[in-house]
Amino acid sequence: MAGFRSFYPDEYVDSSYGIDYGALYGRGVRGLLFDIDNTLVPHGKPETKEAVALFRRLHAMGFETCLISNNQKPRVEPFARAMETRYICNAHKPSVRNYRRAMEEMGTDEASTVFVGDQLFTDVYGAKRSGIYSILVKPIHPKEEIQIVLKRRLERIVLHFYKKSLKK
């Protein structure tokens, strides 16, 4: 259905940790925006060795990074500190304002920025509205808050049409 297209990611992959960041860098991407919960770690969990290692590798490759989260500062700031990255909390995704602010802080633009997140109606839709390439990842952990569980049911419908569109 055509109405769903604004929720379609540019890519859909299993994990943030399986993305070919070298290929993105080769395409001119210099800024990476990440959601936190169920994108980098299970919902509400602290940083992991795997997440810290990923951000170290990305920074060594030359990427600027920023976490953009709808969570509040007590959740986001310590996580960002562990990742040694910028952050924007209480971002009101899918509002465009903080996607633009993140690009400004990283010194990137729409063409050189990619967003990685696990939700269609906040992460992907906000990135699309901002003109940023979006990569949807499968949620890390199935245990989520009830409002997210309800959104996941709607996401399944959109993803059904997204997958059908790829076969055309």
Side-chain angles (χ1 to χ4, degrees), residues 4-21 23-24 27 29-48 50-52 54-55 58 63-73 75-77 79-80 82-83 85-103 105-106 108-145 147-159 161-163:
F4 288 146
R5 291 201 191 288
S6 54
F7 298 105
Y8 288 0
D10 295 298
E11 286 182 49
Y12 183 34
V13 299
D14 286 339
S15 168
S16 300
Y17 301 99
I19 295 169
D20 186 347
Y21 293 102
L24 292 176
R27 286 194 342 227
V29 174
R30 296 298 180 265
L32 297 170
L33 303 175
F34 288 91
D35 177 50
I36 299 172
D37 287 319
N38 269 337
T39 298
L40 294 169
V41 295
H43 186 82
K45 298 295 183 189
E47 75 279 357
T48 61
E50 186 179 29
V52 171
L54 173 64
F55 274 68
L58 295 173
F63 283 109
E64 296 292 329
T65 60
C66 184
L67 301 173
I68 180 168
S69 175
N70 285 347
N71 277 307
Q72 303 302 311
K73 190 172 184 174
R75 165 69 175 135
V76 180
E77 184 179 52
F79 194 91
M83 299 297 113
T85 191
R86 297 170 182 83
Y87 69 92
I88 296 173
C89 56
N90 196 22
H92 300 286
K93 294 180 291 183
S95 172
V96 170
R97 186 185 71 193
N98 285 310
Y99 288 83
R100 297 210 187 289
R101 182 175 143 211
M103 287 186 286
E105 288 185 18
M106 293 189 305
T108 61
D109 60 16
E110 293 86 348
S112 62
T113 304
V114 166
F115 187 91
V116 180
D118 71 304
Q119 292 189 53
L120 288 177
F121 301 125
T122 52
D123 300 329
V124 169
Y125 185 53
K128 289 282 234 200
R129 293 179 65 216
S130 303
I132 300 171
Y133 191 89
S134 63
I135 300 177
L136 178 69
V137 298
K138 292 178 182 170
I140 290 174
H141 195 272
K143 185 179 182 294
E144 298 181 297
E145 298 167 339
Q147 70 270 23
I148 295 174
V149 170
L150 296 174
K151 283 196 286 185
R152 295 283 186 214
R153 289 182 180 160
L154 295 173
E155 285 181 351
R156 275 196 290 265
I157 295 166
V158 176
L159 286 172
F161 288 105
Y162 167 73
K163 289 173 185 174

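Every value quoted in this text rests on a predicted model; they were computed, and no experiment measured them.
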- Message: side-chain contact (heavy atoms from CB on, under 4.5 Å) for K93 and D123? Distances and angles first, verdict last.
- Response: CA-CA 7 Å; K93 294 180 291 183; D123 300 329; 2.7 Å; yes
- Item | Full working for side-chain contact (heavy atoms from CB on, under 4.5 Å) between L67 and F55 | CA-CA 11 Å; L67 301 173; F55 274 68; 3.9 Å; yes
- Task: Go through L32 and L24 one step at a time and tell me if the side-chain contact (heavy atoms from CB on, under 4.5 Å) criterion holds.
- Result: CA-CA 10 Å; L32 297 170; L24 292 176; 4.3 Å; yes
- Message: Run the side-chain contact (heavy atoms from CB on, under 4.5 Å) test on N71 and F79 for me, step by step, so that the C-alpha distance in whole Å, both residues' side-chain angles and the decisive distance to 0.1 Å come before the verdict.
- Response: CA-CA 11 Å; N71 277 307; F79 194 91; over 6 Å; no
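Taking the six-membered ring where the residue is Trp, F63 and Y21 present perpendicular rings, their angle passing 60° and hence far from 30°. The aromatic rings of Y99 and F115 sit tilted relative to each other, their planes meeting at an angle between 30° and 60°.
Evaluated for a side chain to side chain contact (heavy atoms under 4.5 Å, CB included) with I135, the options D10, V13, T39 yield exactly one hit, V13.
In summary, the side chains of Y133 and E11 do present a donor paired with an acceptor at a separation below 3.5 Å, with no hydrogens or angles considered. Side-chain contact annotation: T108 with T113, donor-acceptor N/O pair under 3.5 Å present.
Using modelled atom types, one side-chain atom of D109 and one backbone atom of S112 make a donor-acceptor pair closer than 3.5 Å. Distance alone, capped at 3.5 Å, is enough to place a donor-acceptor pair between the R75 side chain and the K45 backbone.
The minimum heavy-atom distance between L40 and L54, with the atom names listed, is CD2-CD2, 4.2 Å.
Counted within 6.0 Å of CZ on R97, heavy atoms from surrounding residues, nucleotides or ligands total 12 or fewer; the atom is thus considered open.
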